[in-house]
Amino acid sequence: MPVMAKRGLTPHDEDFSAWYNEVVYEADLVDHSPVRGSFVIRPYGYALWENIQRELDAMFKATGHENLYFPLLIPVEFFEREAQHVEGFSPELAVVTHAGGKELEAPLAIRPTSETIIGELYAKWIQSYRDLPLLYNQWANVMRWELRTRPFLRTTEFLWQEGHTAHATAEEALEETRRMLDVYATFARDFAAIPVVEGEKTEGERFAGALQTLTIEAMMRDGKALQSGTSHYMGENFARAFDITFNDLDNEQAYVHTTSWGFSTRFIGAIIMAHGDDAGLILPPKLAPHQVVITPIAKRNDADGAERVGREAARVADALRAAGVRVKVDAREGMSPGWKFNEWERKGVPLRIELGPKDLEAGTAVVADRLSGEKTSVALDALAGDLPDRLERFHERLMERARSFRDAHIDEAHTYEELVEKVEHGWVYATHCGDPESEAAIQEATKATVRCIPLEGPSAEGTTCVHTGKPSGYPRKVIFAKAY
RNA sequence: CGGGGCGUAGCGCAGUCUGGUAGCGCACCUCGUUCGGGACGAGGGGGUCGGAGGUUCGAAUCCUCCCGCCCCGACCA
């Protein structure tokens, strides 16, 4: 094998996971940390997360939620109070047993999620129906000791937000659960250009301690599914475990109904795998750290020319900023324009402006589109007016591309054989009886699981389970798919 | 924890079989020429060869033990 310089990425249809890893590192999103399974999120990746945070946070505030912060350490004993919860999380708890140079009397878990400690405090804060609903959210890091990790998709420590609400009635809590799922779905579509499917998890896939788990599932470009956000209705489970009670209108003691909902840095993985191509990332404009990068082009030995180009680039950048565009001027010296073009393509910048002597002469700039690869000449004076529209259309095109890809990779199976065959290529609607053992058997045989019972989709009425032949366990056909 | 592979410069690797001055590409630094799709020349810096022990005149290379990482299987936002 000849030694070759590192150019280009592994094609995504040749080896998708190699492609994913290369994109993540080549775009400077993450780096390895010295501790296995945890990753450093580098500035470009973190800027993406900050944009996600900002938009989601605004949506939470708009739906009446307030932010607060709970501590990282939780007494291990708290997890034991809710039977399902402890069973679900014990295997992945990291526990602090020593501190201050000696063994702790009671070990402390590093939070994998905060239902328990929040429940403990909610019990104290909630006395009356007047205290309800309690609508809180926190942005935090959590830790789950995973065996196999991948950047963003599964890391031992990750960043997320977890909303925790308490309500007087089941109806209200269920409404909240659904409302926040819709917030996630809307965010995914309107900001990330990812056409997610909303649905409910089957019993086996439900959050530990929840009565209902709702999910948004996104399709990756290898046809697999990625659970991209979840919203849970806990019923009275945590209220009973932590004694969260209130006096209702009739002065009767009642347990609150709680919900929780979470959205994590995993979603960055969804963006990468839903939109990226063989040249690297393609970022949705509304979340991209730089929506537009201007590359000035000039001969170095022509100081005057360089200065003119530089001045014009700065002027254009100012005009774009005034028009609300996130723009960066790449004025680095010692790199050829071609090098910069490739770099910003790899990093998924939606639109690139090339500005050189020829353009100045013509009073134009070249606008290059990351999605289509097309270059268009645009009058300098028209840029500030034109680019916001272009970014908007970029978003629409990205969404449309993702939607048609998804639709082309969803099929329906009427027999088990069909399911086995079709689930190799994408998502498959099929009738399922709901029996967890059957679900496990199908997973064993195909690696595919029930991703969700979609809130909208083909009715299962009058059909029978493709696996057991029993009547459908759900009103609609479920979606089977391999998942991350 | 089972099966497979790998640890040599920041990254990617050769050298190990057959012991004899530690190399190559990229990246980095300096200078010059370049600049509209990954520029070129010249010069330069950078290494406890994963660790410990052993064999030997001499170990990246042979032997023993240890450590770490990656891939494949059982858990997961």
Which atom pairs link the protein and nucleotides 75-77 of chain B when you take only N or O atoms and keep those under 3.5 Å?
residue, atom, partner, partner atom, Å
C75(B), O2, Glu146(A), OE1, 3.4
C76(B), O2', Glu146(A), OE2, 3.2
C76(B), O2, Arg154(A), NE, 2.1
C76(B), O2, Arg154(A), NH2, 3.1
C76(B), N3, Arg154(A), NE, 3.1
C76(B), N3, Arg154(A), NH2, 2.7
A77(B), O4', Arg144(A), NH1, 3.4
A77(B), O3', Gln227(A), NE2, 2.6
A77(B), O2', Arg266(A), NH1, 3.1
A77(B), N6, Thr155(A), N, 2.9
A77(B), N6, Thr155(A), O, 2.8
A77(B), N3, Ser264(A), OG, 3.0

For nucleotides 67-70 of chain B, tabulate all protein N/O to nucleotide N/O atom pairs closer than 3.5 Å, reporting atom names and distance.
residue, atom, partner, partner atom, Å
C70(B), OP2, Arg36(A), NH1, 2.7

Can you tell me how far P in G10(B) sits from the matching atom in G20(B), rounded to whole Å? 24 Å

Which nucleotide in the list G36(B), G38(B), G73(B) gets nearest to the side chain of Asn342(A)? G38(B)

Pairwise side-chain contact, Ile52(A) with Phe263(A), heavy-atom cut-off 4.5 Å (strictly under): yes

If you find the nucleotide of RNA chain B closest to Leu355(A) and the one closest to Lys447(A), which residue's nucleotide is nearer the 5' end? Leu355(A)

Separation of G36(B) P from Trp344(A) CH2 (nearest whole Å): 18 Å

Under 3.5 Å, is there any donor-acceptor pair linking the side chain of Glu345(A) to the base of G37(B)? yes

Regarding Arg332(A), tell me which of base, sugar-phosphate or nothing describes its non-hydrogen contacts under 4.0 Å with the strands shown. nothing

The single option from Ile353(A), Thr364(A), Val316(A) that satisfies side-chain contact (heavy atoms from CB on, under 4.5 Å) with Leu380(A) is Val316(A)

Establish, yes or no, whether a centroid distance under 6.0 Å links the rings of His12(A) and Tyr20(A). no

Is any side-chain heavy atom of Thr113(A) less than 4.5 Å from a side-chain heavy atom of Arg144(A)? yes

hbond_proxy Lys375(A) side chain to G37(B) base (donor-acceptor, 3.5 Å cutoff): yes

Nucleotide of G73(B), G36(B), G37(B) approaching Lys358(A) most closely (side-chain heavy atoms): G36(B)

Going by distance alone, is a donor N or O of one side chain under 3.5 Å from an acceptor N or O of the other, for Ser33(A) and Ser38(A)? yes

